[in-house]
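Structure, as structure tokens:
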Amino acid sequence: MVNAVRVSCGTAILCGLLTTTGFGQWIEQSFELKPGWNTVFLEVDPATADADDLFGELPISMVWMRDKPPLAQAVPQDCVGPNDTNCTPTENDRWRVWVPIDSPNRPAHDLRIIPGNSAYFIKVTQPTTLTVVGKPSPTIQSWQSGYNLVGFHVDPVDPPTIGKYLEPAPALAGARVFIRNATGTLSELADPTSTPANSGSAYWIKASATSDYDGPLDIDIASLVGIDFGRMQNEHALTIENRTASERGVSINYIPSGSVPVDDESLPQKAGDVPVLWQKVVPEAPVGGLFQWTAFSQTPYSDTFSPLGAVGSSHTVTLGVDRLATGAVATLTESDDGIASSYQGLLTLRDGMGFRRLIPVTAEVTAAGTNNGNPHGAVAVASLTPANGLWIGEVSVNKVAWTTADAETWTNPEVVSCGCENGFCQNTPDAVNDELPCSSDPSVCQCPDPDLAPSLDRDIATLRPTSSAFTIPVIIHQADDATTTLLTEVTMLFEPTEPGGSDGIHVLATPACVDCDQLEPPHTRSGQPFAPRISTAGYAFNDDTDLVMNLAGGFGEPDATLTAVIVLEPNAPLNPFRHSYHPDHDCDNAGECLKITRIMQFTFGAQPTPADDPASFGFNALSGEYLETVTITARPASPCGCDPSGVCAGGATNDGSTCTDDIDCACPPPTCVCDTNSNQCVGGAGDGQACYDDRHCGCEDQRRYTTQAGGTFQLNRVSDIGTLNDVAGN
């Protein structure tokens with residue numbers, strides 16, 4: 001039926017050892033049933049959970065499963081007692097029953113769906129094999145006060161004893177254990193501490209209290225449900241805790257997947273193995289420490305867990321998917337229903353003392369992509385188109401240059417000793433300190449050791465480290481046609497095929513979207529419609545209604561540079577120098593409002609930055625170097641400059657020549673300057689005061705100041721939608 005692992009159970013009393021030759025997201029668990037009663041523990045959720053489909057064609061006359069109410073409602077009801085060695089299931093003991101469709105008792109049967117992580121009594125009339133194809137069940141074992149019909153998640157090759165497995169749980173330590181033979185007779189184990197807890201077998205165990213004990217390792221339920229990286233997710237945090245009083249060595253391995261049930265086209269078919277990576281989370285590691293990813297195919301995860309309650313008893317393992325890994329290439333298929341194939345596999349957790357838990361892992365894929373300099377692989381593989389979609393991230397600015405007039409770099413002809421001169425720090429090695437007022441406290445200049453820096457010059461263009469970094473959130477979209485835009489705001493919405501219908505497509509919409517009133521929120525939050533909206537105040541465009549800007553250059557490829565040129569005119573609504581309620585910044589007079597030009601450059605790297613080493617670098621994560629040049633131009637007080645017609649006028653020596661701004665016009669030199677000989681202002685509102693450059697003198701003549709900032713950036717793809725505002729009729 002399915003090319004997967006086969007597991008047999010070969011004794012009359014108990015289902016035999018659950019042997020394994022290969023596992024996957026889909027497992028074929030097989031039980032060899034003898035005439036009479038058989039006890040089995042089903043570890044998987046069947047792909048076909050309908051009881052008639054599972055049992056209907058086999059010589060099975062009856063299947064019993066004990067119905068457990070929630071622990072809070074559990075009432076002790078013992079099916080077996082100290083002297084009751086011939087108990088048979090009865091309707092009044094919370095049992096659910098399946099019988100064949102032609103049975104006279106059929107109207108009374110109520111066991112219709114077969115869940116995993118459950119134990120069953122199965123009665124057969126002749127030898128047969130029950131084969132169940134399914135996924136590892138994520139259900140957590142629950143124990144009620146009294147007798148419980150249960151099985152264990154144990155290593156089929158080297159299982160622990162029943163007593164050792166139950167020992168960490170106070171409600172189960174030293175519990176009485178019973179087994180049932182083919183005639184229905186119960187017998188109590190004389191010494192559970194020496195009896196193996198066979199995989200696939202079921203036992204009657206008496207608990208002294210309710211418990212949620214699921215084994216010596218506690219695994220977060222989100223992981224047990226299955227690790228699905230989908231099409232976009234890069235990482236998953238897997239948390240494991242040692243629940244025992246002894247140290248345990250924990251290992252995690254990847255096992256290739258079995259085949260998907262061939263008769264179910266509604267399920268994604270297997271495209272190949274999931275290239276899973278792991279990375280330890282080390283809380284005491286220094287900030288910015290780089291922890292390398294390790295492929296399970298190269299080295300399984302292993303670590304030592306301290307006893308419960310001690311430091312190191314709980315560990316978090318970060319799992320990643322390397323979508324660009326060598327060897328991940330697979331033939332992709334799509335069913336008639338449009339369901340694409342996916343990578344499928346399984347992780348196995350062991351504690352070295354007989355415990356074993358299975359976790360499904362999957363990743364979706366679509367089209368073939370390229371390597372993009374990914375450090376984990378070297379070939380093109382089945383993946384998303386490399387860069388299309390919505391990217392969000394941030395720039396971390398940690399270097400700046402000193403502000404310059406006309407971006408000049410100049411050196412003082414005389415070596416000036418470091419210190420406070422004319423009320424300002426001069427010749428210090430740090431851009432943060434140079435030019436700061438210092439008359440009241442000379443120590444703010446932070447002068448270097450003269451033996452280390454005896455003759456620093458006044459280089460005011462070199463990028464120098466800042467004392468701390470600040471971040472700028474950025475939003476970038478790459479369309480299917482490779483058009484790249486910088487956004488200030490975007491919202492994810494849903495466009496139904498029919499009004500109010502559930503079929504449709506997701507849409508990325510900006511405030512400029514047309515016909516967006518027909519779109520709907522794609523999610524709910526606390527029962528209310530919810531549409532994710534992403535915005536940034538890290539930059540603004542000239543018009544507050546223009547929230548999209550085309551970018552120039554290459555996106556994503558190593559060493560490619562993407563450039564944005566943002567110009568805020570003096571009267572732009574979001575110009576930070578404009579203030580309607582301040583007379584000095586209402587733009588009514590010349591020189592009050594300033595024109596701002598920002599050139600933002602993103603140069604992509606071939607390796608992730610040391611601060612963050614994502615698993616899907618080059619695919620869903622990109623990083624590199626950032627450089628921004630900021631130019632601030634003051635409006636001239638004189639009529640000389642570039643007039644609205646684009647020619648120089650008002651007294652420039654090149655009057656009549658074409659221009660783009662006032663800097664292109666050769667206007668007379670300003671009369672207000674900072675005299676570099678006396679370090680005093682000449683002319684202007686600050687005449688006679690100490691100065692370092694013209695900015696301290698209150699000059700109103702046209703000035704242009706340029707500075708640069710640098711750092712790093714990181715982008716993460718949050719959606720693979722390659723269009724913006726793609727709405728019907730738009």
Side-chain angles (χ1 to χ4, degrees), residues 228-234 268 323 332 334-335 337-340 342 363-369 383-394 473-541 543-551 555-556 562 564 602 616 619-622 715-730:
D228 184 7
F229 291 104
R231 299 175 67 184
M232 301 302 302
Q233 185 172 340
N234 296 338
R323 302 177 190 271
L332 304 180
E334 186 172 290
S335 71
D337 295 331
I339 300 175
S342 64
E364 294 182 21
V365 291
T366 54
S383 66
L384 291 172
T385 305
N388 293 8
L390 182 66
W391 298 76
I392 63 173
E394 64 180 20
V474 293
I475 309 172
I476 295 177
H477 181 266
Q478 170 125 359
D480 293 333
D481 62 1
T483 299
T484 308
T485 52
L486 185 69
L487 313 178
T488 59
E489 180 181 330
V490 65
T491 303
M492 178 172 285
L493 296 166
F494 181 72
E495 182 180 6
T497 304
E498 300 290 339
S502 58
D503 295 332
I505 61 172
H506 286 87
V507 176
L508 294 176
T510 70
C513 181
V514 178
D515 294 330
C516 282
D517 54 349
Q518 62 184 286
L519 303 180
E520 301 174 358
H523 308 295
T524 59
R525 175 181 288 179
S526 300
Q528 299 298 318
F530 169 69
R533 182 177 69 89
I534 304 169
S535 62
T536 176
Y539 45 85
F541 301 144
D543 188 338
D544 60 357
T545 62
D546 181 13
L547 303 181
V548 177
M549 170 175 286
N550 288 339
L551 302 179
F555 181 85
L562 194 66
F602 304 83
S616 292
F619 178 78
N620 278 341
L622 298 168
L715 300 172
N716 292 285
R717 178 160 44 182
V718 296
S719 170
D720 62 343
I721 299 175
T723 56
L724 287 174
N725 304 330
D726 186 17
V727 185
N730 185 28

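The shortest non-hydrogen separation linking Phe494 to Ile505 is CD1-O, 3.4 Å. Contact between Tyr539 and Val474 at its shortest, heavy atoms only, is OH-CA, 3.7 Å. Of all the heavy atoms in Leu486 and Ala564, the pair that sits closest is CD2-CB, 4.1 Å. In this structure, Leu493 and Ala531 approach most closely via the heavy-atom pair CD2-CB, 3.6 Å. The two residues Pro522 and Phe530 come nearest to each other via the heavy atoms CD-O, 3.4 Å.
Side-chain contact of Thr510 with Asn725: a donor-acceptor pair under 3.5 Å is present, judged by distance alone.
In this structure, Leu551 CG and Phe602 CZ are separated by 7.5 Å, a value rounded to the nearest 0.5 Å. With rounding to the nearest 0.5 angstrom, the CD atom of Glu394 is 9.5 Å from the CG atom of Asn716. Residue Met492 holds its CE atom at 14.5 Å from CZ of Arg533, rounded to the nearest 0.5 Å. The CE atom of Met549 sits 10.0 Å away from atom OG1 of Thr488, with the distance rounded to the nearest 0.5 Å. Going from atom CG of Leu487 over to atom CZ of Phe541 covers 7.0 Å, rounded to the nearest 0.5 Å. Rounding to the nearest 0.5 angstrom, the gap separating the CG atom in Leu390 from the CG atom in Leu508 is 5.5 Å.
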Verdict with reasoning, Thr491 to Leu519, per side-chain contact (heavy atoms from CB on, under 4.5 Å): CA-CA 11 Å; Thr491 303; Leu519 303 180; over 6 Å; no
Audit row: Val507, Ile721, side-chain contact (heavy atoms from CB on, under 4.5 Å) steps and yes/no: CA-CA 7 Å; Val507 176; Ile721 299 175; over 6 Å; no
Residue pair Thr484, His477: steps toward the side-chain contact (heavy atoms from CB on, under 4.5 Å) verdict: CA-CA 6 Å; Thr484 308; His477 181 266; over 6 Å; no
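Checking side-chain atoms of Thr536 against main-chain N and O of Pro473 turns up a donor-acceptor pair under 3.5 Å. Side-chain atoms of Arg717 do not come within 3.5 Å of backbone N or O of Leu622 as any donor-acceptor pair.
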